[in-house]
Amino acid sequence: MKQIKRLTALCIVLALALTMSIGAFADGSPSAYGLFMGARARMGNGRMVNVTLSEVTDDNAKVKLEDSDFLKEVIGNEYVEGMVLADLKGLTLPEDVEFPVTLELDVNGVKAGSKIALLYFDGTEWKKATIES
């Protein structure tokens, strides 16, 4: 009887030791920055042009956009509690672009049903963009 208990205990210890070496492979969350993977612009005449994405180095803009009270003010009644700044990019259009322009953004990690707001700075103030899916 003692040998059976020892053998059972040994088997359990071996099983535990083997399972500790197995890693978990869960799908990672999108990073807080790096959601925008690319962008294109469609001009009113239908012609597509590439858009240059760049990192924004203005720390004041980042601090302002991380303030939930400021986000509530800009986003208005579409603000959802818990919204945070997910990415901050500069977009540069080619010099020969003709307005109006529709931007098409390649966004990583945003799925159907995600609550998002796209903000832009018009040179004087932050505004909420119209989003079409």
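This chain uses plain numbering: 1 for the first residue, then up along the sequence. Because the structure is a prediction, the values reported are computed rather than measured.
- The distance from the CG atom of L119 to the CG atom of L71 is 6.5 Å, given to the nearest 0.5 Å.
- When the salt bridge (Lys or Arg N to Asp or Glu O under 4.0 Å) test is applied to E73, no partner is found at least two apart in sequence or on another chain.
- L118 is not listed as a side-chain neighbour of T130, based on a closest heavy-atom distance of 4.5 Å or more.
- The shortest heavy-atom contact between V56 and G90 is CG2-N, 3.4 Å.
- Hydrophobic clustering keeps Y120 apart from L65 (ILVMFWY residues linked when any side-chain heavy atoms are closer than 4.5 Å, directly or through intermediates).
- Salt-bridge formation is detected for the pair D96/R47: a Lys NZ or Arg NE/NH1/NH2 atom is positioned less than 4.0 Å from an Asp or Glu carboxylate oxygen.
- Residue D87 holds its CG atom at 11.5 Å from CD1 of I116, rounded to the nearest 0.5 Å.
- Only one option out of E78, E81, M83 pairs with K72 in a side chain to side chain contact (heavy atoms under 4.5 Å, CB included); it is E81.
- We find the CZ-CG distance between R42 and L103 to be 11.5 Å, quoted to the nearest 0.5 Å.
- Of the candidates V51, V49, T52, P94 forms a side chain to side chain contact (heavy atoms under 4.5 Å, CB included) with just one, namely V49.
- Legend: residues meeting ring-ring contact (aromatic ring centres under 6.0 Å, His included) with F121, ordered by chain and number and at least two apart, are W126.
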(request) Tell me, with the steps shown, if E98 and N45 meet side chain to side chain contact (heavy atoms under 4.5 Å, CB included). (result) CA-CA 8 Å; E98 298 171 11; N45 63 10; 3.6 Å; yes
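- If you take CG on L53 and CG on L105, they are separated by 7.5 Å, rounding to the nearest 0.5 Å.
- For the 3.5 Å distance criterion, the side chains of T124 and D122 qualify, holding a donor opposite an acceptor.
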(request) Under the side chain to side chain contact (heavy atoms under 4.5 Å, CB included) rule, what do I75 and F70 come out as? Steps first, then yes or no, please. (result) CA-CA 9 Å; I75 297 170; F70 180 76; over 6 Å; no
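- Expressed to the nearest 0.5 Å, how far NZ of K62 lies from CG of D67 amounts to 14.0 Å.
- When every heavy atom of L85 is checked against every heavy atom of E66, the shortest pair comes out as CD2-CG, 3.9 Å.
- The minimum heavy-atom distance linking R40 with D106 is given by the pair NH1-OD2, 3.0 Å.
- Minimum interatomic distance between D58 and N60 (heavy atoms only, all atoms of both residues): OD1-N, 3.0 Å.
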(request) Apply side chain to side chain contact (heavy atoms under 4.5 Å, CB included) to the pair N77 and Y79, showing each step before the final yes or no. (result) CA-CA 5 Å; N77 62 356; Y79 178 82; over 6 Å; no
